[in-house]
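Here is the structure we will look at, set down as structure tokens.
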Amino acid sequence: MIERATRLPDAVLFACTFNCVRSPMAEGMLKHLMGHRIYVDSVGVVPKEINGFMIEVMGEIGIDMSNHKSKGFDELLDSSYDLIISLSPKAQHSAIELTRWMACDVEYWPTMDPSIITGSREVKLDGFRRLRNELMEKIRTRFSPQTAVFPEKT
């Protein structure tokens with residue numbers, strides 16, 4: 001279970017395997033929620049082209065992710081993170097490797113990759129919505145903003 005933070009970090013990095021679905025979603029939600037109060041970025045172990053279903057389900061809650069550019073750990077512009085949240089086993093391994101030379105906390109939030117779902121367009125979108133809603137709850141709980149307004153689940 002995710003614990004409520006007693007103090008907000010100054011900089012958060014979300015990491016997943018490809019930086020095309022999970023970590024960009026989390027980045028977009030936390031930026032939407034916190035504005036400029038926290039520096040937020042995302043990264044992948046092996047960057048891949050952004051997923052259109054992710055863009056669509058994020059747009060449903062008013063967050064435009066169409067300009068997100070996937071990047072890898074070696075492309076990070078900043079290395080001064082207080083918290084790295086990894087969303088996949090591969091990203092967790094890379095996050096732990098980063099902490100060998102960088103002092104920061106690492107949290108692991110195991111999440112399913114909805115891009116592996118097969119079926120109709122609606123079945124796939126439902127998988128992306130489930131991930132979005134799961135991440136939204138985790139972010140709300142972890143960062144417990146008192147004044148920010150966050151869209152309700154759909």
Side-chain angles (χ1 to χ4, degrees), residues 1-88 90-92 94-115 128-154:
M1 174 169 283
I2 309 230
E3 299 292 325
R4 285 191 190 274
T6 55
R7 176 188 148 308
L8 289 177
D10 293 322
V12 176
L13 177 67
F14 289 100
C16 68
T17 306
F18 302 114
N19 193 226
C20 66
V21 175
R22 293 173 281 186
S23 57
M25 274 184 163
E27 174 189 355
M29 285 187 262
L30 189 57
K31 281 180 175 177
H32 181 76
L33 184 65
M34 302 304 293
H36 295 288
R37 289 178 279 180
I38 298 176
Y39 176 79
V40 184
D41 202 358
S42 67
V43 70
V45 177
V46 181
K48 193 173 165 182
E49 185 176 329
I50 202 75
N51 187 293
F53 288 118
M54 184 276 294
I55 293 170
E56 186 168 340
V57 300
M58 292 297 284
E60 291 173 354
I61 61 168
I63 301 173
D64 180 11
M65 296 300 296
S66 62
N67 291 322
H68 179 80
K69 302 290 184 233
S70 295
K71 63 183 163 297
F73 278 90
D74 58 339
E75 298 173 71
L76 286 175
L77 298 176
D78 194 341
S79 61
S80 302
Y81 297 97
D82 301 307
L83 176 63
I84 300 173
I85 299 175
S86 57
L87 305 170
S88 72
K90 287 182 180 181
Q92 175 68 2
S94 293
I96 296 299
E97 285 298 310
L98 266 182
T99 62
R100 289 178 186 236
W101 55 270
M102 187 169 89
C104 70
D105 293 327
V106 177
E107 293 180 13
Y108 179 45
W109 297 358
T111 55
M112 187 217 34
D113 179 1
S115 66
F128 279 78
R129 288 178 186 119
R130 280 191 306 274
L131 171 65
R132 178 197 64 204
N133 295 343
E134 175 188 344
L135 286 172
M136 190 182 308
E137 263 321 297
K138 288 180 178 184
I139 288 168
R140 282 179 173 165
T141 301
R142 173 62 176 85
F143 296 95
S144 59
Q146 301 299 315
T147 58
V149 176
F150 205 75
E152 291 301 315
K153 293 184 206 176
T154 57

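Sequential numbering from 1 along the given sequence is applied to the chain's residues.
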Please list, chain by chain and in numerical order, all residues satisfying side-chain contact (heavy atoms from CB on, under 4.5 Å) with Met102, sequence neighbours excluded.
Ser79, Tyr81, Ile84, Leu98, Cys104
Counting C-beta onward and ignoring hydrogens, is there a side-chain heavy-atom pair between Ile61 and His32 closer than 4.5 Å?
no
For the pair Ser86 (side chain) and Ala15 (backbone), establish whether a donor and an acceptor sit closer than 3.5 Å, ignoring hydrogens and angles.
no
All heavy atoms of Asn19 vs all of Ser42, minimum pair found to be ND2-OG, 2.9 Å
Which atom pair, heavy atoms only, marks the closest approach of Ile55 to Ser66?
CD1-CA, 4.0 Å
Test item: Thr111 side-chain N/O and Leu87 main-chain N/O as donor-acceptor pair under 3.5 Å
yes
Which residues share a salt bridge (charged side-chain N to carboxylate O under 4.0 Å, His left out) with Glu75, sequence neighbours left out:
none
With a 4.5 Å cut-off on side-chain heavy atoms, are Met34 and Val12 touching?
no
Using 0.5 Å steps for rounding, measure from the NE2 atom of His68 to the OG atom of Ser23.
6.0 Å
Name every donor-acceptor pair, under 3.5 Å, that has one atom in a side chain of residues 44-52 and the other anywhere in the protein, sequence neighbours excluded.
unit_1: Asn51; atom_1: OD1; unit_2: Phe53; atom_2: N; d: 2.8
unit_1: Asn51; atom_1: OD1; unit_2: Met54; atom_2: N; d: 3.4

Decide yes or no for Met58 and Pro24: does some side-chain heavy atom of the first lie under 4.5 Å from some side-chain heavy atom of the second?
no
Nearest 0.5 Å please: distance from the CG atom of Asp41 over to the CG atom of Leu30.
11.5 Å
Return each pair, listed once, that meets ring-ring contact (aromatic ring centres under 6.0 Å, His included) where at least one residue sits in residues 10-30; pairs must be two or more places apart or across chains.
none
Measuring from Ser88:OG to Tyr108:OH, what's the distance to the nearest 0.5 Å?
6.5 Å
Please round to the nearest 0.5 Å and tell me the distance separating atom CD of Glu97 and atom CZ of Phe73.
10.0 Å
Pairwise distance CD(Glu107) to CD(Gln92) - rounded to 0.5 angstrom:
10.0 Å
Checking Met25 against Arg22 for the side-chain contact (heavy atoms from CB on, under 4.5 Å) test, could you report, in this order, the C-alpha distance in whole Å, the side-chain angles of both residues, the deciding distance, and whether it holds?
CA-CA 5 Å; Met25 274 184 163; Arg22 293 173 281 186; 5.9 Å; no
Could you state the interatomic distance from CD1 (Ile63) to CD (Glu27), rounded to the nearest 0.5 Å?
10.5 Å
Sole residue of Glu56, Glu60, Glu134 in side chain to side chain donor-acceptor pair (under 3.5 Å) with Arg129:
Glu60
Is a donor on one side and an acceptor on the other found under 3.5 Å between the side chain of Thr99 and the backbone of Ile96?
yes
Contacts of Lys90 meeting salt bridge (charged side-chain N to carboxylate O under 4.0 Å, His left out) (sequence neighbours excluded), chain-then-number -> none
Partner set under side-chain contact (heavy atoms from CB on, under 4.5 Å) for Asp10, not counting sequence neighbours:
Arg7, Asp82
Asp113 side chain near Thr17 side chain, heavy-atom distance below 4.5 Å:
no
